[in-house]
Student: 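Following this message is one structure expressed as structure tokens.
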Amino acid sequence: MGIPNFTKEVFGNLTKLRILQLNRNVMQSIRVDALESLPKLHYLDIRNTPLSCTCENSLLQNWTVHNQNAQVVYLYNLLCPNQAKSRFYNFDTKVCYIDLEEYFFFSTAVVIFLFTVAPLLYVKLYWKMKYGYYVFISWFGEQWRRLREKEENCKYDAFISYNSSDEQWVMDQLIPNLEGNGSSFKLCLHHRDFELGRNIVDNIVSAVYSSRKTICVVSRNFLKSEWCSLEIQLASYRLFDEHRDVLLLVFLEQISERQVSCYHRMRKVMLKKTYLQWPSSDCTDPTQAQALFWNQLRRAIRSGSIQEAEEINNEVHEEEEPGNVDTHTSENMTCLLENVHL
């Protein structure tokens, strides 16, 4: 069965002992003070003894490795019980030297301090802390605004995504009204601004991310185009990633919800964002309605969102003399309001 323990009280009087063979015993730990009470000890054999590789034997490990007087037989071959890859002479003892009582003391002291001082500070310094909080919020908001302005210093104001079948409308209507007629917008167009010889996907990605906005000119042909689908997909990725109004939808024709429902990503954008529709031919005065449409689109490009219909109404009334607003203006306003989907 073997010796279950080795203590100073039992073996401490063997002052002339030179060789100690403790192999094939059942002790799991050996007290270092018991070994230090044997001044003549030169040879120690602890093979086949199940010494545990725990903090209980951390001092024994240190003694066996650094003791200059006693030789431990096959020290570097002694294995830890139930740990085939770990050896007794180098098992981890770092955790053994952590003073948990000290940690508990300091952590408890900090908690007590906080619960004691925090209410006093709250009572005495409430208004100063609140003032400091709002000053910080204001400073942070200003820094964030400057960062956003720096980010928006893009090469183009808007990238125009459209199908080739709608190119005539883009050339005759959109470009003259956004780059001409007193407007200073710089648009990115496929045929004009895409880099020659570059991969088409790379050109699309560059156009979307180098423009402050992406304007999708949506028609039935647009919905059928794979390239247009890719362009609105990339723009919507940027929209939901940056949480900014970078995507504007312009519908050239009436498209039913059933037709749009097949395009999950566009429907998701339509549910979250405002979009414009080109005035239909049944308006009383299409010219006036189109002028209001372009005013709305310009404002959306500048501000990132289409303004409320009430603002349009205010601007129209400011342009007309009081009492001179005729029925055509009112009817065109109604036409535009029908085409601004909120």
Student: Just jot down the disulfide (SG to SG under 2.5 Å) partners of Cys228, sequence neighbours excluded, or say none.
Tutor: none
Student: Tell me whether Ile3 is reachable from Leu17 by hopping between hydrophobic residues (I, L, V, M, F, W, Y) whose side-chain heavy atoms are closer than 4.5 Å.
Tutor: yes
Student: What pairs of residues pass the side-chain hydrogen bond (donor to acceptor under 3.5 Å, both in side chains) test when at least one of them lies in residues 166-178, not counting sequence neighbours?
Tutor: Asp166-Ser219, Gln168-Asp172, Asn177-Asn181
Student: Listed by chain and number, what are the salt bridge (Lys or Arg N to Asp or Glu O under 4.0 Å) partners of Glu195, not counting sequence neighbours?
Tutor: Arg198
Student: Please, which pairs that meet salt bridge (charged side-chain N to carboxylate O under 4.0 Å, His left out) have at least one residue in residues 5-23, sequence neighbours excluded?
Tutor: none
Student: For Phe194, check side-chain contact (heavy atoms from CB on, under 4.5 Å) against everything at least two apart and list the hits.
Tutor: Phe159, Cys188, His190, Ile200, Asn203, Ile204, Ala207
Student: Output all residues satisfying salt bridge (Lys or Arg N to Asp or Glu O under 4.0 Å) with Asp193, sequence neighbours left out; order by chain, then residue number.
Tutor: none
Student: State which residues pass side-chain hydrogen bond (donor to acceptor under 3.5 Å, both in side chains) with Glu253; sequence neighbours excluded, sorted by chain then number.
Tutor: Arg220
Student: Please, which pairs that meet salt bridge (charged side-chain N to carboxylate O under 4.0 Å, His left out) have at least one residue in residues 40-63, sequence neighbours excluded?
Tutor: Asp45-Arg47
Student: Holding to side-chain hydrogen bond (donor to acceptor under 3.5 Å, both in side chains), I want the full list of residues that pass it with Ser86, two or more places apart in sequence or in another chain.
Tutor: none
Student: Asn48: which residues meet the side-chain hydrogen bond (donor to acceptor under 3.5 Å, both in side chains) condition with it, sequence neighbours left out?
Tutor: none
Student: Applying ring pair (Phe, Tyr, Trp, His ring centres under 6.0 Å) as the test, list every pair that has at least one member in residues 35-73; sequence neighbours left out.
Tutor: none
Student: Tell me, please, which residues at least two apart from Asn221 pass side-chain hydrogen bond (donor to acceptor under 3.5 Å, both in side chains).
Tutor: Ser165
Student: Does Phe140 belong to the same Ile/Leu/Val/Met/Phe/Trp/Tyr cluster as Ile137, with side-chain heavy atoms less than 4.5 Å apart forming each link?
Tutor: yes
Student: Could you give me the CA-CA distance, side-chain angles and deciding distance for Arg212 and Asp157, then say whether salt bridge (Lys or Arg N to Asp or Glu O under 4.0 Å) is met?
Tutor: CA-CA 5 Å; Arg212 291 193 305 109; Asp157 291 298; 3.4 Å; yes
